[in-house]
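Below, chain A is the first sequence line, B the second, and so on; all start at residue 1. Values reported hereafter were calculated over all heavy atoms of this structure, with side chains retained and with hydrogens, waters and symmetry mates removed. These numbers were taken from a predicted model, which means no experiment stands behind them.
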Amino acid sequence: MKYTQMLIPTLKEVPSDAEAVSHVLMLRGGYVRQLASGLYIYMPLFLRVLNRVNGIIRQEMNRIGAQEVSMPVLHPAEIWQKTGRWYEIKEEMFRLKDRTGRDMCLAMTHEEIMTWLASREIRSYRDMPQTWYQIQTKLRDEARPKSGVLRTREFIMKDSYSFDVDEEALEKSYNLHIEAYDKIFSRCGLAFYRVESDPGMMGGATAHEYMAPSPAGEDEVAICANCGYSANVELAISVSPAGDPVEMAYEDAHTPGKRTIGEVSAFLDLSPDKFIKSLLLISSDGPVLALIRGDQQLHENKTARIIGTFRPAQREEVKELLGVEAGFIGPMGHKVRVIADEVLKTSTYVSGANRSDYHTKGVKPAVHFTAEWFDLHKAQENDGCPKCAAKLKIVKVIEIGNIFKLGTKYSAPLKAIYLDKEGIEKPIIMGSYGIGPARIAAAAIEQSNDKNGIIWPAPIAPFDVEILPLNMSDEEVKGVSLRLYDELTSMGMEVLLDDRDERAGVKFKDADLIGIPYHVVVGTKNVKEGVVEIKKRATGETEKVPMEKIAEFFRQRPGTGKPGRI
RNA sequence: CGGGGCGUAGCGCAGCCUGGAUAGCGCACCUGCCUUGGGAGCAGGGGGCCGGAGGUUCAAAUCCUCUCGCCCCGACCA
């Protein structure tokens with residue numbers, strides 16, 4: 001492809017709307033343009049990247065026996081009503097009516113429709129296993145689209161669905177997906193984790209997420225470098241390191257206006273782990289007082305599993321229910337339900353004194369207060385691993401894929417039923433599996449860039465090589481470049497020829513920005529000596545290569561190595 | 001949905017607080033010359049509903065009210 005025939009509108013300046021590195025570089029490199037909040041136009045270069053990513057996905061999905069299909073994006077409400085999600089999902093679903101007034105919605109995902117198909121076409125145990133996938137548009141009216149292409153309202157997703165006769169067979173389908181996903185992300189050049197994830201409302205079902213470490217990520221995972229334990233912090237278990245026990249007499253301390261742990265801790269010159277943080281929560285069953293050690297955070301999911309959905313109490317509610325001003329709550333002597341994190345079971349602490357401007361020292365569990373004990377804290381850096389007790393680290397990550405065991409959640413309501421060997425009707429056992437190709441691309445940029453621009457992993461780069469004729473008015477330079485272009489193209493390489501009548505500096509800058517793995521620089525002086533320069537984008541190393549050896553050079557260099565699962 | 005920020009040329013911004021004449025700068029763009037190994041130089045030129053509506057005022061990019069849009073933090077996220 002010739003540069004002059006392609007739309008590659010690079011930007012010299014950083015667009016003010018972009019924050020995440022991948023967002024900035026995609027905009028600057030002319031890969032994407034924003035249409036509205038959460039809606040992006042994929043420009044020619046980006047589409048090339050996505051096509052390569054999708055090509056890898058297709059290969060690996062096909063390899064595990066999955067079949068590609070294509071589902072509508074406009075759905076009748078009825079099917080979603082049958083599974084209940086029409087009612088469960090709120091504003092996140094785009095809804096509309098057709099001309100006859102029939103309720104419709106836009107696809108957020110395709111469990112319903114895939115299951116609908118299965119319910120009609122799968123009748124016997126002999127028809128399974130089946131795995132169907134598509135690379136299809138999804139629409140979600142996100143509360144907050146962000147970070148460029150990372151969180152959008154319309155996006156493409158590879159989603160696959162497995163249909164099996166029983167749990168054991170599902171296990172096989174699930175493992176095949178693990179196999180495929182490990183290969184896909186490795187081949188795309190990403191460093192990634194496969195972590196336990198929260199199956200949400202799926203009850204006992206298992207789920208994993210594929211996570212690419214990046215500061216632009218929205219999720220956090222807890223990782224144990226020692227035994228390999230890894231989980232989304234949404235459900236990670238961790239052992240809180242015990243603080244040094246300090247003996248304190250049971251007495252009140254005057255702490256005027258000091259409400260937060262930080263303030264009181266500084267005021268009394270005691271580290272935060274010597275405090276009990278008392279949080280008043282309002283659950284559907286009434287108020288609950290949750291106790292957490294001062295240096296820790298309340299884990300909302302864990303808490304919700306114990307007391308159901310809840311919200312923090314307002315200031316006035318605290319006063320009403322406990323008779324204490326917010327900021328001075330202590331665990332002693334309240335009539336509400338009290339739940340506490342297990343780490344507080346021992347030692348001695350400081351807590352609110354249940355009266356304004358005072359905290360109480362020397363508070364001991366069992367002696368001064370009682371509670372129901374649970375694991376309530378969020379895993380944090382340097383907590384102990386629940387499996388081996390080594391220290392956990394917390395890493396920010398981008399979710400690039402997930403795999404779920406669904407069981408019969410969709411097959412039951414949609415009556416996707418088959419007859420087993422004994423002629424008994426049984427619901428099909430399902431799994432669903434997603435990958436976000438645009439997120440793969442964004443994560444690749446997040447993980448691989450420098451101050452000059454993108455450094456694409458070779459397998460997903462928009463082109464394999466870019467040829468830079470430094471002076472298009474020099475006939476020899478031009479001629480050599482065109483010849484190399486033809487030669488490399490005929491070898492099956494994807495080649496971008498920067499045939500613009502631009503100065504050398506401009507071409508170098510744009511080439512670095514766009515991030516194609518190899519640059520073949522054709523300059524006047526070198527051409528006279530019969531050589532061109534090959535620059536490796538990743539390292540900046542250059543090498544002079546005789547023109548007749550170029551083909552050979554690239555023949556010996558298949559895709560570069562990649563990080564893979566960590 | 002709560003909190004914060006920002007809307008002025010294609011992009012990045014200044015001007016606004018303290019109202020006043022033809023709204024300014026850099027980049028990009030067009031023409032010509034020149035230049036050709038890291039975003040050149042000179043000369044000339046085009047491009048603005050100052051997000052929108054209403055109000056205050058002799059006078060509004062500037063002050064006030066409403067509204068729309070975008071970004072960030074939080075909540076939410078099959």
Side-chain angles (χ1 to χ4, degrees), chain A residues 9-20 23-24 27-28 30 33-39 75 80 83-94 105-115 138-148 150-153 155 157 159 161 197-202 205 207 209 216 218-219 232 234 300-301 304 309-312 314 399 402 404 406 409-410 432-434 451-453 468-474 477-478 498 500-513 519 521-527 532-533 535 540 542 544:
Chain A
T10 57
L11 265 24
K12 211 181 284 189
E13 284 172 291
V14 180
S16 60
D17 278 355
E19 191 109 329
H23 190 194
V24 170
L27 250 15
R28 286 197 54 211
R33 286 295 182 263
Q34 185 177 29
L35 174 65
S37 182
L39 296 175
H75 302 171
W80 286 80
T83 61
R85 287 161 112 189
W86 177 265
Y87 310 104
E88 279 164 32
I89 298 166
K90 297 157 292 168
E91 293 163 315
E92 208 185 336
M93 181 186 273
F94 283 107
C105 64
L106 300 180
M108 300 180 63
T109 173
H110 283 81
E111 275 83 10
E112 273 79 0
I113 311 306
M114 287 277 184
T115 311
K138 312 283 182 230
L139 294 118
R140 297 179 189 177
D141 198 355
E142 287 287 348
R144 184 145 94 85
K146 57 184 284 201
S147 308
L150 279 178
R151 190 167 200 80
T152 55
R153 297 193 292 175
F155 58 98
M157 180 168 159
D159 49 325
Y161 304 84
S197 76
D198 189 346
M201 291 155 221
M202 307 303 311
E209 286 165 329
E218 297 183 274
D219 287 287
N232 194 314
E234 295 296 318
E300 299 189 3
N301 288 1
T309 50
F310 68 91
R311 60 172 175 86
Q314 320 260 320
E399 181 186 349
N402 56 44
F404 274 91
L406 295 175
K409 174 163 183 177
Y410 299 94
S432 88
Y433 317 86
K451 67 176 191 318
N452 296 315
L468 308 183
L470 294 187
N471 184 353
M472 283 303 284
S473 48
D474 180 326
V477 166
K478 193 171 166 184
D498 191 347
R500 293 176 300 169
D501 187 17
E502 286 286 357
R503 298 169 59 84
V506 174
K507 295 192 179 188
F508 285 133
K509 289 290 184 189
D510 278 340
D512 285 346
L513 215 206
H519 301 167
V521 181
V522 184
T524 312
K525 219 173 122 198
N526 282 336
V527 160
V532 296
E533 197 173 84
K535 173 178 155 184
T542 60
K544 282 189 184 176

Visitor: May I ask you to verify if any side-chain N or O of A:Arg503 is less than 4.0 angstrom from the OP1 or OP2 atom of B:rU35?
Guide: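 Negative; the distance criterion is not met.
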Visitor: Measure the distance from CG on A:Leu11 to C1' on B:rC29 and round it to the nearest whole Å.
Guide: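 Spelled out: CG on A:Leu11 to C1' on B:rC29 is 14 Å.
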Visitor: Given B:rG26, B:rG37, B:rG39, which nucleotide is nearest the side-chain atoms of A:Phe508?
Guide: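 From the listed options, B:rG37 comes nearest.
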Visitor: Taking C-beta and beyond as the side chain, do A:Thr524 and A:Leu470 meet within less than 4.5 Å on heavy atoms?
Guide: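 Side chain of A:Thr524 against side chain of A:Leu470, heavy atoms only: no contact under 4.5 Å found.
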Visitor: Is there a Watson-Crick or G-U wobble partner for B:rU35 with both distances under 3.5 Å, and which nucleotide is it?
Guide: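 Partner of B:rU35: none found under 3.5 Å.
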Visitor: Write down the distance between CZ (A:Arg28) and P (B:rG39), rounded to a whole number of angstrom.
Guide: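 In whole Å, B:rG39 P lies 14 Å from A:Arg28 CZ.
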Visitor: Will you find, in the side chains of A:Thr10 and A:Asp510, an N or O donor that is under 3.5 Å from an N or O acceptor?
Guide: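 Yes, because at least one side-chain N or O of A:Thr10 sits under 3.5 Å from a partner of the opposite role on A:Asp510.
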Visitor: Tell me which of A:Asn402 and A:Lys507 sits closer to the 5' end of RNA chain B, going by the nucleotide each one is nearest to.
Guide: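 Taking each residue's closest nucleotide, the earlier one in sequence belongs to A:Lys507.
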Visitor: Apply side-chain hydrogen bond (donor to acceptor under 3.5 Å, both in side chains) to A:Glu399 and list each qualifying residue two or more places apart in sequence or on a separate chain.
Guide: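 Expected list: A:Asn402.
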Visitor: Under a 3.5 Å cut-off for both contacts, is B:rC6 paired Watson-Crick or G-U wobble with anything, and if yes, with which nucleotide?
Guide: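 B:rG69 is the nucleotide pairing with B:rC6.
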Visitor: Side chain of A:Lys507, backbone of A:Arg500: donor and acceptor closer than 3.5 Å?
Guide: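 Present.
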Visitor: For A:Leu470 and B:rG37, give me the distance from atom CG to atom P, rounded to whole Å.
Guide: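 The answer, rounded to whole Å, is 7 Å.
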Visitor: Which residues pass the side-chain hydrogen bond (donor to acceptor under 3.5 Å, both in side chains) test with A:Ser147, sequence neighbours left out?
Guide: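 A:Ser147 satisfies side-chain hydrogen bond (donor to acceptor under 3.5 Å, both in side chains) with no other residue.
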Visitor: Heavy atoms only, 4.0 Å cut-off, all strands: where does A:Lys138 land among base, sugar-phosphate and nothing?
Guide: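 Contact class for A:Lys138: none.
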Visitor: Could you check if a side-chain atom of A:Val521 sits within less than 4.5 angstrom of a side-chain atom of A:Phe508, using non-hydrogen atoms only?
Guide: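 A side-chain contact exists here, since the closest heavy-atom pair is under 4.5 Å.
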Visitor: What is the distance from NZ of A:Lys525 to P of B:rG38, rounded to the nearest Å?
Guide: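 Atom-to-atom, A:Lys525 to B:rG38, this comes out as 12 Å.
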Visitor: Whom does B:rG48 pair with, Watson-Crick or G-U wobble, provided both distances fall under 3.5 Å?
Guide: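 Pair assignment: B:rG48 / none.
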Visitor: Counting side-chain heavy atoms from C-beta on, which of B:rA40, B:rG38, B:rG37 comes nearest to A:Lys509?
Guide: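 Among the listed nucleotides, the one closest to the side chain of A:Lys509 is B:rG38.
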Visitor: Taking atom types as they are modelled, would you say the side chain of A:Asp512 forms a donor-acceptor pair with the base of B:rG38 within the 3.5 Å cutoff?
Guide: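 Answer yes: a donor N or O sits under 3.5 Å from an acceptor.
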Visitor: Establish whether the base of B:rG39 is bridged to the side chain of A:Glu502 by a donor-acceptor pair shorter than 3.5 Å.
Guide: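 Checked by distance alone, the answer is no.
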Visitor: Which nucleotide wins on minimum distance to the side chain of A:Lys12, given the candidates B:rA40, B:rA28, B:rG12?
Guide: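 Of all the options, the side chain of A:Lys12 is nearest to B:rA28.
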Visitor: Looking just at side-chain N and O atoms, do A:His110 and A:Lys138 make a donor-acceptor pair shorter than 3.5 Å?
Guide: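 There is such a pair between these side chains.
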Visitor: Looking for any heavy atom pair under 4.0 Å, which part of the strands does A:Ser473 touch: base, sugar-phosphate only, or nothing?
Guide: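 Base, at least one base heavy atom under 4.0 Å.
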Visitor: Can you pull every protein N or O that's under 3.5 Å from an N or O on nucleotides 69-76 of chain B?
Guide:
residue : atom : partner  : partner atom : Å
B:rC70  : OP1  : A:Ser37  : N            : 2.8
B:rC70  : O2'  : A:Asp17  : OD1          : 3.4
B:rC70  : O2'  : A:Asp17  : OD2          : 2.8
B:rC71  : OP1  : A:Gln34  : NE2          : 2.8
B:rC71  : OP2  : A:Ser37  : OG           : 2.9
B:rC72  : OP1  : A:Ser147 : N            : 3.4
B:rC73  : OP2  : A:Arg144 : NH1          : 3.1
B:rC73  : OP2  : A:Arg144 : NH2          : 2.9

